[in-house]
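Structure first, commentary second.
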Amino acid sequence: MTKAVSKDLLGPTLIGGASRSGKTLLTLALGDSPGPVAGFPLEAVFHVYFRRKFPYFEAQKARIICEYLNRPRYVTGGRTEVKRPLDYMGLKPDMLTRNIPQSIEDPIALIGWLLDQFSTNMKRSSWAAFDLHPEFLYKSYRRSLPNLRLMIMERDPHSAIAAGLFWRTWPAPPPDRHQRFLLLLSLWHLSRMVSDSLIREHPSSVARLSFDRLTKGDSSEHSKLCEFFLLPPNRLVNSFDFIPHFTFNPSLGFLGPDQTWKAVLSSSEMNEIDLLQKGKITSPHLRSLLTMGARAPVLTRQLLEGYLYPAKTAQRKWNSLKQLTKDVRAGARLQFFGRPKSD
(Lines give C-alpha, C1' and ligand atoms only; values in the text may rest on other atoms or scores of the structure.)
Protein backbone atom coordinates (compact mmCIF):
# COMPACT_ATOMS: atom_id res chain seq x y z
CA MET A 1 0.00 0.00 0.00
CA THR A 2 1.24 3.49 -0.84
CA LYS A 3 2.12 6.02 1.86
CA ALA A 4 -0.21 8.95 2.38
CA VAL A 5 1.05 12.20 0.84
CA SER A 6 -0.36 15.71 0.67
CA LYS A 7 -1.86 17.04 -2.54
CA ASP A 8 0.94 19.58 -2.81
CA LEU A 9 3.57 16.81 -2.75
CA LEU A 10 1.76 14.42 -5.09
CA GLY A 11 4.16 13.42 -7.86
CA PRO A 12 3.22 12.89 -11.50
CA THR A 13 2.04 9.44 -12.55
CA LEU A 14 2.53 7.31 -15.62
CA ILE A 15 -0.18 4.71 -16.18
CA GLY A 16 1.07 1.49 -17.70
CA GLY A 17 0.37 -2.17 -18.17
CA ALA A 18 -0.38 -4.42 -21.12
CA SER A 19 -2.33 -3.23 -24.14
CA ARG A 20 -6.12 -2.88 -23.80
CA SER A 21 -6.11 -3.00 -20.01
CA GLY A 22 -7.98 0.21 -19.14
CA LYS A 23 -5.10 2.71 -19.13
CA THR A 24 -6.91 5.28 -21.26
CA LEU A 25 -10.13 4.91 -19.29
CA LEU A 26 -8.39 5.53 -15.97
CA THR A 27 -6.61 8.60 -17.33
CA LEU A 28 -9.81 10.08 -18.74
CA ALA A 29 -11.67 9.32 -15.50
CA LEU A 30 -9.02 11.22 -13.53
CA GLY A 31 -9.35 14.15 -15.91
CA ASP A 32 -13.13 14.21 -15.49
CA SER A 33 -12.89 14.04 -11.70
CA PRO A 34 -12.44 17.25 -9.64
CA GLY A 35 -9.42 15.84 -7.84
CA PRO A 36 -5.76 16.92 -7.62
CA VAL A 37 -4.64 15.00 -10.73
CA ALA A 38 -5.07 16.22 -14.32
CA GLY A 39 -5.50 13.27 -16.65
CA PHE A 40 -3.69 13.93 -19.94
CA PRO A 41 -6.06 12.48 -22.57
CA LEU A 42 -3.45 11.29 -25.11
CA GLU A 43 -0.63 8.76 -25.05
CA ALA A 44 2.40 10.45 -23.48
CA VAL A 45 4.92 8.71 -25.83
CA PHE A 46 7.76 9.01 -23.32
CA HIS A 47 9.19 5.85 -24.88
CA VAL A 48 9.53 7.52 -28.29
CA TYR A 49 11.55 10.46 -26.98
CA PHE A 50 13.59 8.32 -24.61
CA ARG A 51 14.92 6.30 -27.57
CA ARG A 52 15.81 9.34 -29.64
CA LYS A 53 19.08 11.21 -29.23
CA PHE A 54 19.19 15.00 -29.53
CA PRO A 55 22.69 16.42 -30.03
CA TYR A 56 22.92 20.07 -28.92
CA PHE A 57 19.90 19.44 -26.73
CA GLU A 58 19.76 22.98 -25.35
CA ALA A 59 19.34 24.36 -28.86
CA GLN A 60 16.68 21.78 -29.69
CA LYS A 61 14.35 22.26 -26.72
CA ALA A 62 11.89 24.52 -28.57
CA ARG A 63 11.93 22.21 -31.60
CA ILE A 64 11.12 19.19 -29.41
CA ILE A 65 8.28 21.04 -27.68
CA CYS A 66 6.72 22.10 -30.98
CA GLU A 67 7.09 18.62 -32.44
CA TYR A 68 5.58 17.01 -29.34
CA LEU A 69 2.60 19.37 -29.26
CA ASN A 70 1.80 18.67 -32.91
CA ARG A 71 2.45 14.91 -32.89
CA PRO A 72 -0.83 13.13 -33.76
CA ARG A 73 -2.15 10.30 -31.58
CA TYR A 74 -4.92 7.84 -32.41
CA VAL A 75 -7.92 8.20 -30.10
CA THR A 76 -10.12 5.35 -31.35
CA GLY A 77 -9.57 1.59 -31.21
CA GLY A 78 -9.86 1.31 -34.97
CA ARG A 79 -7.33 4.12 -35.49
CA THR A 80 -9.76 6.27 -37.45
CA GLU A 81 -9.42 9.54 -35.52
CA VAL A 82 -6.43 11.51 -34.27
CA LYS A 83 -5.84 14.34 -31.81
CA ARG A 84 -2.75 16.35 -30.88
CA PRO A 85 -1.51 17.53 -27.48
CA LEU A 86 -1.91 21.09 -28.70
CA ASP A 87 -5.68 20.46 -28.77
CA TYR A 88 -5.67 20.10 -24.97
CA MET A 89 -2.82 22.23 -23.64
CA GLY A 90 -4.69 25.52 -23.38
CA LEU A 91 -1.39 27.34 -23.94
CA LYS A 92 0.23 28.58 -27.14
CA PRO A 93 3.50 26.93 -28.23
CA ASP A 94 5.43 30.21 -28.31
CA MET A 95 4.44 30.94 -24.72
CA LEU A 96 5.74 27.51 -23.67
CA THR A 97 8.98 27.67 -25.64
CA ARG A 98 9.82 31.10 -24.14
CA ASN A 99 9.64 29.72 -20.60
CA ILE A 100 11.57 26.43 -20.81
CA PRO A 101 13.83 26.14 -17.73
CA GLN A 102 17.55 25.98 -18.48
CA SER A 103 17.89 23.26 -15.82
CA ILE A 104 16.15 20.71 -18.07
CA GLU A 105 18.78 18.42 -19.56
CA ASP A 106 16.95 15.64 -21.42
CA PRO A 107 13.73 14.96 -23.39
CA ILE A 108 11.96 13.09 -20.58
CA ALA A 109 12.42 15.99 -18.15
CA LEU A 110 11.25 18.34 -20.91
CA ILE A 111 8.03 16.40 -21.54
CA GLY A 112 7.50 16.14 -17.80
CA TRP A 113 7.79 19.93 -17.54
CA LEU A 114 5.36 20.34 -20.44
CA LEU A 115 2.81 18.14 -18.68
CA ASP A 116 3.39 20.19 -15.52
CA GLN A 117 2.21 23.21 -17.51
CA PHE A 118 -0.84 21.23 -18.61
CA SER A 119 -1.76 20.37 -15.01
CA THR A 120 -1.17 23.96 -13.84
CA ASN A 121 -3.42 25.26 -16.59
CA MET A 122 -6.05 22.75 -15.48
CA LYS A 123 -5.64 24.05 -11.90
CA ARG A 124 -4.47 20.67 -10.65
CA SER A 125 -1.43 19.90 -8.52
CA SER A 126 -0.15 17.02 -10.65
CA TRP A 127 -0.77 14.99 -13.80
CA ALA A 128 -1.29 11.41 -14.93
CA ALA A 129 -0.66 10.11 -18.44
CA PHE A 130 -0.79 6.68 -20.04
CA ASP A 131 2.00 5.30 -22.18
CA LEU A 132 3.23 2.15 -23.88
CA HIS A 133 4.61 -0.13 -21.14
CA PRO A 134 6.24 2.60 -19.02
CA GLU A 135 6.98 -0.11 -16.46
CA PHE A 136 9.79 -1.31 -18.73
CA LEU A 137 11.56 2.06 -18.51
CA TYR A 138 10.33 3.31 -15.15
CA LYS A 139 13.74 3.25 -13.48
CA SER A 140 15.24 5.22 -16.37
CA TYR A 141 12.41 7.77 -16.33
CA ARG A 142 12.92 8.35 -12.61
CA ARG A 143 16.43 9.63 -13.27
CA SER A 144 14.83 12.54 -15.10
CA LEU A 145 11.66 12.79 -12.95
CA PRO A 146 12.70 11.68 -9.43
CA ASN A 147 9.17 11.96 -7.98
CA LEU A 148 7.55 10.00 -10.81
CA ARG A 149 4.99 7.39 -9.77
CA LEU A 150 3.62 4.43 -11.69
CA MET A 151 0.17 2.87 -11.72
CA ILE A 152 -0.06 -0.42 -13.59
CA MET A 153 -3.41 -1.49 -14.98
CA GLU A 154 -3.86 -5.24 -15.30
CA ARG A 155 -6.63 -7.11 -17.08
CA ASP A 156 -7.46 -10.77 -17.46
CA PRO A 157 -5.11 -11.92 -20.27
CA HIS A 158 -7.93 -13.59 -22.23
CA SER A 159 -9.72 -10.24 -22.60
CA ALA A 160 -6.60 -8.10 -23.02
CA ILE A 161 -5.13 -10.30 -25.75
CA ALA A 162 -8.48 -10.78 -27.53
CA ALA A 163 -8.95 -6.99 -27.61
CA GLY A 164 -5.44 -6.46 -28.95
CA LEU A 165 -5.96 -9.02 -31.70
CA PHE A 166 -9.46 -7.90 -32.66
CA TRP A 167 -8.51 -4.45 -33.93
CA ARG A 168 -5.77 -5.86 -36.15
CA THR A 169 -7.04 -9.27 -37.26
CA TRP A 170 -10.87 -9.38 -37.25
CA PRO A 171 -12.68 -10.68 -39.20
CA ALA A 172 -10.03 -11.53 -41.83
CA PRO A 173 -6.82 -12.66 -40.07
CA PRO A 174 -3.55 -11.48 -41.68
CA PRO A 175 -0.69 -13.92 -42.32
CA ASP A 176 1.12 -12.83 -39.16
CA ARG A 177 -1.82 -13.35 -36.79
CA HIS A 178 -0.03 -16.06 -34.79
CA GLN A 179 3.04 -13.86 -34.32
CA ARG A 180 0.78 -11.07 -33.09
CA PHE A 181 -0.82 -13.43 -30.61
CA LEU A 182 2.55 -14.61 -29.31
CA LEU A 183 3.83 -11.06 -28.96
CA LEU A 184 0.74 -9.94 -27.01
CA LEU A 185 0.98 -13.05 -24.85
CA SER A 186 4.66 -12.50 -24.13
CA LEU A 187 4.27 -8.78 -23.40
CA TRP A 188 1.42 -9.45 -20.96
CA HIS A 189 3.67 -11.90 -19.12
CA LEU A 190 6.68 -9.56 -19.25
CA SER A 191 4.59 -6.68 -17.92
CA ARG A 192 3.43 -8.83 -15.01
CA MET A 193 6.97 -9.90 -14.12
CA VAL A 194 8.35 -6.36 -14.28
CA SER A 195 5.41 -4.97 -12.31
CA ASP A 196 5.88 -7.52 -9.52
CA SER A 197 9.54 -6.52 -9.25
CA LEU A 198 8.84 -2.76 -9.25
CA ILE A 199 6.12 -3.03 -6.61
CA ARG A 200 8.56 -4.84 -4.31
CA GLU A 201 11.32 -2.32 -4.98
CA HIS A 202 9.22 0.88 -4.93
CA PRO A 203 6.18 0.14 -2.73
CA SER A 204 5.43 3.81 -2.06
CA SER A 205 5.59 4.86 -5.72
CA VAL A 206 4.34 1.88 -7.74
CA ALA A 207 0.98 0.16 -7.48
CA ARG A 208 -1.25 -2.10 -9.57
CA LEU A 209 -4.99 -2.08 -10.19
CA SER A 210 -7.21 -4.78 -11.62
CA PHE A 211 -9.37 -3.43 -14.43
CA ASP A 212 -11.70 -6.42 -14.03
CA ARG A 213 -12.26 -5.79 -10.34
CA LEU A 214 -12.81 -2.09 -10.91
CA THR A 215 -15.55 -2.76 -13.49
CA LYS A 216 -17.17 -5.22 -11.10
CA GLY A 217 -17.37 -2.54 -8.42
CA ASP A 218 -14.89 -4.16 -6.03
CA SER A 219 -14.77 -1.78 -3.05
CA SER A 220 -11.20 -2.62 -2.01
CA GLU A 221 -9.92 -2.00 -5.54
CA HIS A 222 -11.70 1.35 -5.72
CA SER A 223 -10.31 2.27 -2.30
CA LYS A 224 -6.80 1.51 -3.54
CA LEU A 225 -7.37 3.68 -6.62
CA CYS A 226 -8.70 6.63 -4.60
CA GLU A 227 -5.93 6.39 -2.03
CA PHE A 228 -3.23 6.44 -4.68
CA PHE A 229 -4.66 9.51 -6.42
CA LEU A 230 -5.87 11.27 -3.25
CA LEU A 231 -9.55 11.13 -4.19
CA PRO A 232 -12.57 10.79 -1.91
CA PRO A 233 -13.77 7.18 -1.51
CA ASN A 234 -15.62 5.74 -4.51
CA ARG A 235 -15.11 8.94 -6.55
CA LEU A 236 -14.53 6.98 -9.79
CA VAL A 237 -17.03 4.14 -9.31
CA ASN A 238 -19.35 5.49 -12.02
CA SER A 239 -16.50 5.71 -14.53
CA PHE A 240 -16.03 1.94 -14.31
CA ASP A 241 -19.69 0.97 -14.00
CA PHE A 242 -20.16 -0.87 -17.29
CA ILE A 243 -19.50 -4.20 -19.00
CA PRO A 244 -16.25 -3.72 -20.97
CA HIS A 245 -15.80 -4.78 -24.55
CA PHE A 246 -14.03 -8.16 -24.81
CA THR A 247 -15.36 -9.35 -21.49
CA PHE A 248 -14.81 -13.11 -21.59
CA ASN A 249 -17.56 -15.66 -21.09
CA PRO A 250 -16.38 -19.31 -21.39
CA SER A 251 -19.58 -20.41 -23.11
CA LEU A 252 -20.20 -17.33 -25.29
CA GLY A 253 -16.76 -15.96 -26.16
CA PHE A 254 -15.85 -12.27 -26.11
CA LEU A 255 -18.21 -9.31 -26.10
CA GLY A 256 -17.41 -7.29 -29.21
CA PRO A 257 -17.81 -3.54 -29.76
CA ASP A 258 -21.14 -4.25 -31.48
CA GLN A 259 -22.39 -6.00 -28.30
CA THR A 260 -22.37 -9.45 -29.91
CA TRP A 261 -20.30 -12.36 -28.63
CA LYS A 262 -17.40 -13.47 -30.83
CA ALA A 263 -14.89 -16.33 -30.87
CA VAL A 264 -11.85 -14.05 -31.16
CA LEU A 265 -9.40 -16.64 -29.82
CA SER A 266 -9.00 -20.26 -30.90
CA SER A 267 -9.10 -23.12 -28.41
CA SER A 268 -5.32 -23.59 -28.71
CA GLU A 269 -4.74 -19.89 -28.00
CA MET A 270 -7.04 -20.07 -25.00
CA ASN A 271 -5.05 -23.03 -23.76
CA GLU A 272 -1.76 -21.14 -24.13
CA ILE A 273 -3.19 -18.27 -22.06
CA ASP A 274 -4.39 -20.71 -19.39
CA LEU A 275 -0.92 -22.22 -19.20
CA LEU A 276 0.65 -18.76 -19.01
CA GLN A 277 -1.44 -17.94 -15.96
CA LYS A 278 0.08 -21.01 -14.34
CA GLY A 279 3.56 -19.79 -15.21
CA LYS A 280 4.06 -22.13 -18.16
CA ILE A 281 5.16 -20.97 -21.63
CA THR A 282 4.86 -23.57 -24.38
CA SER A 283 7.38 -22.06 -26.81
CA PRO A 284 10.96 -22.89 -25.70
CA HIS A 285 12.29 -19.86 -27.59
CA LEU A 286 9.92 -17.44 -25.87
CA ARG A 287 10.52 -19.15 -22.53
CA SER A 288 14.27 -18.63 -22.82
CA LEU A 289 13.86 -14.99 -23.86
CA LEU A 290 11.51 -14.22 -20.96
CA THR A 291 13.81 -15.66 -18.30
CA MET A 292 15.66 -12.33 -17.95
CA GLY A 293 12.51 -10.21 -18.21
CA ALA A 294 12.46 -8.48 -14.82
CA ARG A 295 16.20 -7.76 -14.95
CA ALA A 296 16.31 -6.40 -18.51
CA PRO A 297 12.77 -5.67 -19.77
CA VAL A 298 13.78 -3.38 -22.62
CA LEU A 299 16.30 -5.85 -24.02
CA THR A 300 13.79 -8.67 -23.55
CA ARG A 301 11.17 -6.81 -25.53
CA GLN A 302 13.65 -6.05 -28.30
CA LEU A 303 14.64 -9.72 -28.52
CA LEU A 304 11.00 -10.81 -28.55
CA GLU A 305 10.18 -8.46 -31.39
CA GLY A 306 13.34 -9.43 -33.27
CA TYR A 307 12.48 -13.11 -32.94
CA LEU A 308 8.83 -12.75 -34.00
CA TYR A 309 9.25 -9.91 -36.52
CA PRO A 310 12.83 -9.87 -37.84
CA ALA A 311 12.05 -7.86 -40.98
CA LYS A 312 9.97 -5.25 -39.14
CA THR A 313 12.60 -4.98 -36.43
CA ALA A 314 15.31 -4.35 -39.02
CA GLN A 315 13.11 -1.69 -40.65
CA ARG A 316 12.58 0.01 -37.29
CA LYS A 317 16.34 0.07 -36.73
CA TRP A 318 16.80 1.68 -40.12
CA ASN A 319 14.07 4.22 -39.39
CA SER A 320 15.75 5.02 -36.05
CA LEU A 321 19.02 5.67 -37.84
CA LYS A 322 17.30 8.00 -40.29
CA GLN A 323 15.63 9.83 -37.40
CA LEU A 324 18.98 10.18 -35.65
CA THR A 325 20.48 11.70 -38.80
CA LYS A 326 17.59 14.16 -38.97
CA ASP A 327 17.96 15.10 -35.29
CA VAL A 328 21.74 15.57 -35.62
CA ARG A 329 21.29 17.90 -38.58
CA ALA A 330 18.54 19.85 -36.84
CA GLY A 331 20.63 20.19 -33.68
CA ALA A 332 23.69 21.40 -35.55
CA ARG A 333 21.66 23.86 -37.60
CA LEU A 334 20.01 25.33 -34.50
CA GLN A 335 23.23 25.39 -32.52
CA PHE A 336 25.36 27.15 -35.11
CA PHE A 337 22.87 29.08 -37.25
CA GLY A 338 19.45 29.26 -35.66
CA ARG A 339 19.94 30.27 -32.03
CA PRO A 340 18.32 33.65 -31.27
CA LYS A 341 20.68 36.52 -30.39
CA SER A 342 21.10 37.07 -26.67
CA ASP A 343 19.96 40.35 -25.23
TODO: Using modelled atom types only, decide if a donor and an acceptor are shared between the side chain of Lys23 and the backbone of Leu132 within a distance under 3.5 Å.
DONE: no
Task: side chain to side chain contact (heavy atoms under 4.5 Å, CB included) between Lys278 and Leu276, intermediate numbers included - done: CA-CA 5 Å; Lys278 298 175 183 177; Leu276 175 69; over 6 Å; no
Open item on the list: When you group the ILVMFWY residues by side-chain heavy-atom contacts below 4.5 Å and let the links chain together, are Met95 and Met89 in the same group?
Closed with: yes
- [ ] Assert yes or no for the condition that the ring centre distance of Tyr56 to Phe336 is strictly below 6.0 Å.
- [x] yes
Open item on the list: Side chains of Phe57 and Ile64, heavy atoms from C-beta outward: is any pair under 4.5 Å?
Closed with: yes
Open item on the list: Is a donor from one side chain sitting under 3.5 angstrom from an acceptor on the other, for Asn249 and Trp261?
Closed with: no
TODO: Drop me the distance from Leu145's CG to Trp113's CH2, to the nearest 0.5 angstrom.
DONE: 13.5 Å
TODO: Give the minimum heavy-atom separation between Gln102 and Glu58, together with the two atoms involved.
DONE: O-OE1, 4.1 Å
TODO: With rounding to the nearest 0.5 Å, note down the distance linking NE2 in His47 to CZ in Arg52.
DONE: 11.5 Å
Open item on the list: Quick check with a 6.0 Å cut-off and a 45 degree axis cone: is Arg73 positioned over the face of Tyr68's six-membered ring?
Closed with: yes
- [ ] Show your reasoning for whether side chain to side chain contact (heavy atoms under 4.5 Å, CB included) applies to Leu190 and Leu290.
- [x] CA-CA 7 Å; Leu190 180 59; Leu290 287 166; 4.1 Å; yes
Task: Flag side-chain contact, heavy atom, 4.5 Å: Glu269 against Ile161 - done: no
TODO: Working to the nearest 0.5 Å, report the span between CG of Leu183 and CD of Gln179.
DONE: 10.0 Å
TODO: Could you state whether Leu10 and Phe130 fall into the same hydrophobic cluster, counting links through intermediate Ile, Leu, Val, Met, Phe, Trp or Tyr residues with side-chain heavy atoms under 4.5 angstrom apart?
DONE: yes
Open item on the list: So that I can tick it off, tell me whether Arg200 and Asp196 are bridged by a salt bridge, with the cut-off set at under 4.0 angstrom between side-chain N and carboxylate O.
Closed with: no
TODO: Verify the ring-centre separation between Phe118 and Tyr88: is it less than 6.0 angstrom?
DONE: no
- [ ] Would you check if there is a donor-acceptor pair between the side chains of Lys262 and Thr260 at a distance under 3.5 Å?
- [x] yes
Task: Polar contact flag, side-chain donor to acceptor under 3.5 angstrom, Gln323-Asn319 - done: no
Open item on the list: With a 3.5 Å distance limit and no angle check, can you tell me whether Lys53 reaches the backbone of Leu324 through a side-chain donor-acceptor pair?
Closed with: no
TODO: Without swapping roles, check the side chain of Arg20 against the backbone of Ala160 for a donor-acceptor pair under 3.5 Å.
DONE: no
Open item on the list: So Leu214 and Leu225, do their side chains get closer than 4.5 Å, heavy atoms only?
Closed with: yes
Open item on the list: Donor-acceptor pair, distance only, cut-off 3.5 Å: does the side chain of Thr247 make one with the backbone of Ile243?
Closed with: no
- [ ] Using modelled atom types only, decide if a donor and an acceptor are shared between the side chain of Thr27 and the backbone of Gly39 within a distance under 3.5 Å.
- [x] no
Open item on the list: So does Phe246 get a backbone contact from the side chain of Ser159, meaning a donor-acceptor N/O pair under 3.5 Å?
Closed with: yes
- [ ] State, yes or no, whether a side-chain contact exists between Pro257 and His245 at a heavy-atom distance under 4.5 Å.
- [x] yes
- [ ] Find out whether Glu135 and Ser191 are in side-chain contact, i.e. whether some heavy atom of one side chain is under 4.5 Å from a heavy atom of the other.
- [x] yes
Open item on the list: A side-chain contact here means heavy atoms from C-beta on lying under 4.5 Å apart; do Ile65 and Leu69 qualify?
Closed with: yes
TODO: Report the C-alpha distance between Glu201 and Lys139 in whole Å, list the side-chain angles of each, state the deciding distance to 0.1 Å, and finish with yes or no for salt bridge (Lys or Arg N to Asp or Glu O under 4.0 Å).
DONE: CA-CA 10 Å; Glu201 189 173 348; Lys139 293 181 181 179; 2.8 Å; yes
- [ ] Write out all pairs satisfying ring-ring contact (aromatic ring centres under 6.0 Å, His included) with one or both partners inside residues 135-159, taking only residues at least two apart or from two chains.
- [x] Phe46-Tyr141, Phe50-Tyr141, His133-Phe136, Tyr138-His202, His158-Phe248
Open item on the list: Would you say Glu154 and Ser21 are linked by a side-chain donor-acceptor pair, where the criterion is simply a distance under 3.5 Å?
Closed with: no
Open item on the list: Working note: Arg98 + Asp94, criterion salt bridge (Lys or Arg N to Asp or Glu O under 4.0 Å); need CA distance, chi angles, decisive distance, verdict.
Closed with: CA-CA 6 Å; Arg98 284 199 305 266; Asp94 59 343; 3.7 Å; yes
- [ ] Taking all heavy atoms of Ala128 and all of Ile15, pick out the closest pair and write down the distance.
- [x] CB-CD1, 4.1 Å
Open item on the list: Using only atom types and a distance under 3.5 Å, with no angle test, would you say the side chain of Ser33 pairs donor to acceptor with the backbone of Leu30?
Closed with: no
Open item on the list: Would you compute the distance between atom CD of Glu227 and atom CZ of Phe229 and round it to the nearest 0.5 angstrom?
Closed with: 12.0 Å
- [ ] Answer yes when Asp327 and Arg63 have at least one side-chain N-carboxylate O distance shorter than 4.0 Å, and no when they do not.
- [x] yes
Open item on the list: Taking the cut-offs as 6.0 angstrom to the six-membered ring centre and 45 degrees off its axis, would you call Arg149 and Phe228 a cation-pi pair?
Closed with: yes
Task: Contact summary for Gly293 and Val194, nearest pair of heavy atoms - done: O-CG2, 3.9 Å
Open item on the list: As a quick check of understanding, evaluate side chain to side chain contact (heavy atoms under 4.5 Å, CB included) for Glu67 and Tyr49, giving each step before the final call.
Closed with: CA-CA 11 Å; Glu67 179 191 294; Tyr49 288 86; 2.7 Å; yes
Task: Distance, nearest 0.5 Å, that separates CZ of Arg155 from CZ of Arg213 - done: 14.0 Å
Open item on the list: Any side-chain to backbone donor/acceptor pair from Ser125 onto Pro36? Under 3.5 Å, distance only.
Closed with: yes
TODO: List the steps and the verdict of side chain to side chain contact (heavy atoms under 4.5 Å, CB included) for Ser210 and Asp218.
DONE: CA-CA 10 Å; Ser210 166; Asp218 185 286; over 6 Å; no
Task: More than 12 heavy atoms from other groups under 6.0 Å of CG on Leu321 - done: yes
- [ ] Output yes when a side-chain donor or acceptor of Asn121 lies under 3.5 Å from a complementary backbone atom of Gln117, and no otherwise.
- [x] no
Under 3.5 Å, side-chain donor or acceptor atoms of residues 298-312 against the rest of the protein: list the pairs with distances, not counting sequence neighbours.
{"residue": "Thr300", "atom": "OG1", "partner": "Ala296", "partner atom": "O", "Å": "2.8"}
{"residue": "Arg301", "atom": "NE", "partner": "Glu305", "partner atom": "OE2", "Å": "2.9"}
{"residue": "Arg301", "atom": "NH2", "partner": "Glu305", "partner atom": "OE2", "Å": "3.3"}
{"residue": "Tyr307", "atom": "OH", "partner": "His285", "partner atom": "ND1", "Å": "3.4"}
{"residue": "Tyr309", "atom": "OH", "partner": "Asp176", "partner atom": "OD2", "Å": "3.2"}
{"residue": "Tyr309", "atom": "OH", "partner": "Arg180", "partner atom": "N", "Å": "3.2"}

TODO: Could you tell me whether the side chain of Ser205 reaches within less than 4.5 Å of the side chain of Arg142, counting heavy atoms only?
DONE: yes
Task: Check: Ala330 main-chain N/O paired with Gln60 side-chain donor or acceptor under 3.5 Å - done: no
Open item on the list: As an exercise, state the distance from CG of Asp32 to OG of Ser239, rounded to the nearest 0.5 Å.
Closed with: 6.5 Å
TODO: Could you tell me whether the side chain of Thr282 reaches within less than 4.5 Å of the side chain of Leu275, counting heavy atoms only?
DONE: yes
